[in-house]
Number of protein chains: 2
Amino acid sequence: MSTDMEKVDKAIDLLKDSGVRITPHRHAILEYLVISESHPTADEIYKALEHKFPNMSVATVYNNLRVFKKTGLVKELTYGDASSRFDFSTKPHYHIICNKCGKIVDFYYPGLNEVETLAAQVTGFTVNGHRLEVYGICPDCQNKAAKDKDGDHPDQVSVTE
Amino acid sequence: MSTDMEKVDKAIDLLKDSGVRITPHRHAILEYLVISESHPTADEIYKALEHKFPNMSVATVYNNLRVFKKTGLVKELTYGDASSRFDFSTKPHYHIICNKCGKIVDFYYPGLNEVETLAAQVTGFTVNGHRLEVYGICPDCQNKAAKDKDGDHPDQVSVTE
DNA sequence: CAATGTAATTATAACCATTTTAATGTGATA
DNA sequence: TATCACATTAAAATGGTTATAATTACATTG
């Protein structure tokens with residue numbers, strides 16, 4: 001178990017070892033990815049840091065996220081037309097995503113080697129990896145839905161869709 | 001085992017039952033989805049049909065794909081910034097995707113209920129479903145790579161990234 | 001066989017996340 | 001200090017997809 005600071009430092013060491021120059025921007029973006037404990041979009045990162053770097057361009061955020069991706073520090077999560085989200089990933093893990101509010105929560109699962117093996121056998125592909133996401137409704141949205149129904153006190157507005 | 005024609009007819013019946021008007025465009029798009037045996041992009045469908053319907057607009061393709069999605073006949077496969085691909089799906093199945101050429105091949109797997117159950121327990125979500133894709137290199141691209149190398153005949157090529 | 005209203009289609013413009021470009025700035029190294 | 005590679009900026013371009021408004025086709029009813 002390591003603190004956020006330690007995670008950032010470790011990431012920075014890894015970047016340095018790969019010959020990546022550590023700029024204030026890069027430090028800040030990394031730090032935000034670690035501290036936010038979430039899976040922010042490029043724009044969220046940009047907005048979160050623009051008070052600190054008033055001249056920073058969005059392109060810088062994208063450029064640096066790409067650098068982080070190349071070193072394997074960060075994974076890009078893509079979901080159709082919406083913005084990509086960026087995941088500072090230490091351990092391999094899967095995501096469960098709320099269909100109502102879009103929240104993304106990590107969970108661990110032993111691995112799905114069996115699926116990979118079967119897919120390889122059946123299709124003749126050589127397999128590199130896989131992607132798995134589970135979809136559902138998060139506890140918060142479940143509660144909101146329950147409250148909306150109760151008796152009929154619409155003192156809470158139902159949102160949905 | 002049913003023929004392509006039967007599949008199309010069945011799909012059309014289903015659409016009619018849902019009150020969807022069957023226009024020549026819709027018939028042609030459906031037919032292309034079934035016959036192509038692939039997972040075309042909206043633009044591929046558009047290009048494939050523009051000789052038959054010289055005045056057809058791209059918007060029509062998108063509109064009708066959305067109609068098909070609503071009835072559950074077609075699934076949209078989204079991969080980041082690239083174009084969506086559309087899958088005329090009869091049985092549930094998974095996809096394995098070539099990292100080199102982008103080819104998508106179907107395969108079947110008993111099901112991953114266990115993952116869903118575990119994810120639900122750990123996160124408190126109620127689960128609706130999941131998405132799984134396997135990535136690798138397709139046989140064609142393996143052969144191409146082998147041929148490119150052929151000084152020292154590696155009968156199996158290891159690929160990464 | 002009109003007349004009517006609804007749904008489909010067209011053409012074009014708008015959208016928006018992301019990337020590219022070209023110019024400028026910065027920092028490490030020798 | 002000179003140099004050179006790399007970072008950053010600002011703005012424009014890209015490209016898939018959607019929205020808009022006008023037009024057209026179709027099914028239904030009288």
Rounded distance in Å - CG (B:Leu77) to C1' (D:dG16): 16 Å

Spatial distance of atom CG (A:Asn99) from atom OG1 (B:Thr126) [nearest 0.5 Å]: 8.5 Å

Intermediate values then yes/no, side chain to side chain contact (heavy atoms under 4.5 Å, CB included), A:Lys70 and A:Val20: CA-CA 11 Å; A:Lys70 271 204 217 112; A:Val20 174; over 6 Å; no

Residue pair B:Leu15 / B:Arg26, side-chain heavy-atom distance below 4.5 Å: no

Protein proximity profile, nucleotides 21-30 of chain C - base contact B, sugar-phosphate-only contact S, no contact -, cut-off 4.0 Å on heavy atoms: ----------

Nearest-nucleotide pick for A:Asn55, side chain only, options being C:dT10, D:dT8, D:dA10: D:dA10

Any B:Ser84 side-chain N or O less than 4.0 Å from OP1/OP2 of D:dT17: yes

Which nucleotide in C:dT20, D:dT18, C:dT9 has an atom nearest any side-chain atom of A:Arg66: C:dT20

Carboxylate-amine/guanidinium contact B:Lys47 B:Asp43, below 4.0 Å: yes

Side-chain N or O of B:Tyr62 closer than 4.0 Å to phosphate OP1/OP2 of D:dT18: no

First encountered from the 5' end of DNA chain D, between A:Thr23 and B:Ala82: A:Thr23

B:Asn63 and B:Val67, any side-chain heavy atoms less than 4.5 Å apart: no

Value rounded to 0.5 Å, distance of NE2 in B:His39 from CZ in B:Phe88: 12.0 Å

Selected nucleotide, minimal atom distance to A:Ser57 side chain, candidates C:dT18, D:dT8, D:dA10: D:dA10

Length of the CZ-P vector between B:Arg26 and D:dC26, whole Å: 13 Å

Toward the 5' end of DNA chain D, by each residue's nearest nucleotide, B:Phe86 or A:Val67: A:Val67

N/O (side chain, A:His25) to phosphate O (OP1/OP2, D:dT8) under 4.0 Å: yes

d(NZ, B:Lys70; P, D:dT18) in whole Å: 12 Å

Distance in angstrom units between B:Asp43 CG and D:dT14 C1', rounded: 14 Å

A:Ile22 CD1 - D:dA7 P separation (whole Å): 10 Å

Sugar-phosphate only, base, or nothing, as touched by A:Thr60 at under 4.0 Å among non-hydrogen atoms: base

Sugar-phosphate, base or nothing in reach of A:Asn64, heavy atoms under 4.0 Å: sugar-phosphate

Nearest-angstrom distance from the residue atom NZ of B:Lys47 to C1' of D:dG16: 12 Å

Heavy-atom check, side chain of A:Ile96 versus side chain of A:Glu133, under 4.5 Å: no

Value in whole Å for how far the P atom of D:dT9 lies from CG of A:Leu49: 11 Å

A:Ile29 CD1 to D:dA7 C1', straight-line distance once rounded to whole Å: 11 Å

Nearest-0.5 Å distance that lies between atom CD1 in B:Ile45 and atom OG in B:Ser36: 7.5 Å

